[in-house]
2 protein chains.
Amino acid sequence: MLTDRQLLIFQVIVDDFIQSAQPVGSRSLSKKDEISFSSATIRNEMADLEELGFIEKTHTSSGRIPSEKGYRYYVDHLLSPQRLGKEDVYRVKSIFADRIYELEKIVQKSAKILSEMTNYTSIVLGPDLGENKLKKIQIVPLNEQTAIAIIVTDTGHVENRMFQLPENIDAGELEKLVNILNERLSGVPMDQLHNKIYKEVAVLLRQHISHYDYMLHSITETIKAPAGEKLFFGGKMNMLSQPEFHDIDKVRNLMNMIEQEKGFYDLIRHHHSGIQVKIGRENNNEAIDNCSLITASYSVGKERLGTIAILGPTRMEYSRVISLLHYFSKDLSAVLTNLYQNENRG
Amino acid sequence: MLTDRQLLIFQVIVDDFIQSAQPVGSRSLSKKDEISFSSATIRNEMADLEELGFIEKTHTSSGRIPSEKGYRYYVDHLLSPQRLGKEDVYRVKSIFADRIYELEKIVQKSAKILSEMTNYTSIVLGPDLGENKLKKIQIVPLNEQTAIAIIVTDTGHVENRMFQLPENIDAGELEKLVNILNERLSGVPMDQLHNKIYKEVAVLLRQHISHYDYMLHSITETIKAPAGEKLFFGGKMNMLSQPEFHDIDKVRNLMNMIEQEKGFYDLIRHHHSGIQVKIGRENNNEAIDNCSLITASYSVGKERLGTIAILGPTRMEYSRVISLLHYFSKDLSAVLTNLYQNENRG
DNA sequence: ATTAGCACTCAACGATTAAGAGTGCTAACA
DNA sequence: TGTTAGCACTCTTAATCGTTGAGTGCTAAT
């Protein structure tokens, strides 16, 4: 449908615009090494490309910029899978170099490094804690009125919460409570705990524990906290350096969206396998109308854990970001699989 | 040194400018109810006020705006201690209304509410964890290679870290280790733990525990994390709505400073008692040249725990923010004293 | 001591102009 | 027939220039 020459011209336009953020004119194109024909010819071809909807003008006599349809075509057909630079590879490796074993810290550091490498904003969706299984519950009394309940999951996630003790409870009883809980609940997925407690454990507790109702309430309150996934951002402010965000109102819109988190959560969680590119209004969200979102997922073994995403202007470096994300998600998955797969079966 | 009339005019100028962000002219002043004399008189007085350095012009024929010296005088001498509105009182109370007992969550929620109430940026410096005393150390093995170390302090702060177990360590030995640690280290301030371990506990461990050196290293790594205080921000983006930050570069400077945290840490930690107002360049920091920082501290009993601060444009509502912070720090201190003083002695 | 009056200044705004980058179209060319 | 040189035209950008209005400082009258 497009001639080779049109393809060439189109590609050069996109590459140039990604780099310069300025509309590309026929004259400046004709000077490029890749291009051997005159500006007049280019103008003709550009007129065709515009008619086909791949490029557009910002005003009647301006150079051309890629349209959203253009970016889509560029991403789908024109992107040669680029090899990641040595430095980039090194940088990614560095995340896993020093001994971090906590999933949450790895995820957080990933977000930070990704944003630094790209100068865009990174968003990492952490794993769903609801699927984690309970490893251990512990209660540490601080004094006569207060105690800390601590729960540890099989992936090493720790959640804690302070609560008030009923009056005159003795240490032995507290220990008994904890023992019962651990005995009955160990290995149960977090999101089923609440149910299981009320269906099976409550009866047991009523028999053995005084203040049964009060304690039960405190424990379940502690447990229900860590449901769902958590979002981590990196380089929230990087967008400020992008010329498309010189307008304060756009910045405010974007920042509002970031602060509310919910919007991104919806955008990111539905993720098919492989790398996904959503361009501009494809995201269906006004606040990021002139942004693109590139997502990939990471996993332990075959089980998908979460999503990594890079948010940049539609004029973003698709090639680089895609290969980076591709490499990154593979590497992260490998490390995590190595780290956690044994554990879950250990 | 200033006549009553100059004082009146000055006060009205500041109040007006704080509200409108526009230079105040003699004509618009003369129309105010408080002011009964003509614009010409006002012009004369304003000329004097300018000569004294309290107000300045943005250009030769503009109205006047307060200078930094002017704001200083306004804050020091012209501010009548305003009573907090009913709604505000209610709002502050709401922070402590639902049962939150964790210090960190209280602090975080405080930052959020303060920024919402003022539409400025709030910064809360959490308590120095180094002074917390160790309550309990626990180790939860996840599988054969990995375990989680958890430390709980007397204020209920929980810190945790994953580490690799040495091969073939048995559960009994792990338990012995934990027992020794708790026996010897319970009640020791966090920032002295490291020392104490190497001076007193290391010898003991060497006698009883195999893999002594490896485990010791892992434990001390876990312990050294929670040194120092932590900063919490609220309403980072509120400044975007202030007209003085319509310039993207200023926004970038400010945000860089916020992201680095260090700058604010230095600004806030040195705090004398009472409420402190630092205006514009008094803060000695270019990124917040046209901002003022109002700080107050909160405490448990007599012991100062941390600092609350509000960052706004120099043109901020000093009166309101000061009374809010005053009330807030008193209330927060009362709640915390009530909550923790018993515990520390319990 | 106060104020009315007036000349003066300056930012903000709109209109005008000139330069420059780019286009579309036409006609000549290979 | 595809390519290109040439040219008229468009539109942005930046600079220039009045014009308006808000505000000032000074002077002279009250």
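No hydrogens, no waters, no symmetry mates; every other heavy atom, side chains included, goes into these values. Below, chains carry the letters A, B, ... as their sequence lines are ordered, and counting in each starts from 1.
- Once rounded to the nearest 0.5 Å, the distance linking OG1 of B:T307 with CG of B:L231 reads 9.5 Å.
- With rounding to whole Å, B:I9 atom CD1 is found 11 Å from C:dT3 atom P.
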### Message
As a check on the pairing definition, encode DNA chain C in dot-bracket form, counting Watson-Crick and G-U wobble pairs whose two distances are under 3.5 Å, and using | for partners outside this strand.
### Response
||||||||||||||||||||||||||||||
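- Within the 3.5 Å criterion, the main-chain N or O of B:N285 finds no donor-acceptor partner in the side chain of B:N283.
- Rounded to an integer number of Å, the gap from CD1 of B:I65 to C1' of D:dG23 is 15 Å.
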### Message
What does the B/S/- profile of nucleotides 11-30 of chain C look like, 5' to 3', with a 4.0 Å heavy-atom cutoff to protein?
### Response
S---------BBBBB-----
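- For residues 25-56 of chain A, the pairs satisfying ring pair (Phe, Tyr, Trp, His ring centres under 6.0 Å) are A:F10-A:F54, A:F54-A:Y73, with sequence neighbours left out.
- Contact between the side-chain N/O atoms of B:T41 and the OP1/OP2 oxygens of C:dT3 is found at a separation under 4.0 Å.
- Taking atom CD1 of residue A:I42 and atom C1' of nucleotide D:dT4, one finds them 11 Å apart after rounding to whole Å.
- Listed by chain and number, the residues in a ring pair (Phe, Tyr, Trp, His ring centres under 6.0 Å) with B:F328 amount to none (sequence neighbours excluded).
- Pairs of residues two or more places apart, or lying in two chains, that qualify as salt bridge (charged side-chain N to carboxylate O under 4.0 Å, His left out) and include a residue from residues 46-56 of chain B are B:E50-B:R64.
- The CG atom of A:D289 sits 7.5 Å away from atom CD of A:E68, with the distance rounded to the nearest 0.5 Å.
- Looking at residues two or more places apart in sequence or on another chain, you find no ring pair (Phe, Tyr, Trp, His ring centres under 6.0 Å) involving A:F17.
- Distance CZ (A:R5) to P (D:dT1): 16 Å, rounded to an integer number of Å.
- Ring geometry, A:F264 versus A:F233: the interplanar angle exceeds 60°, so the pair is classed perpendicular (tilted spans 30 to 60°).
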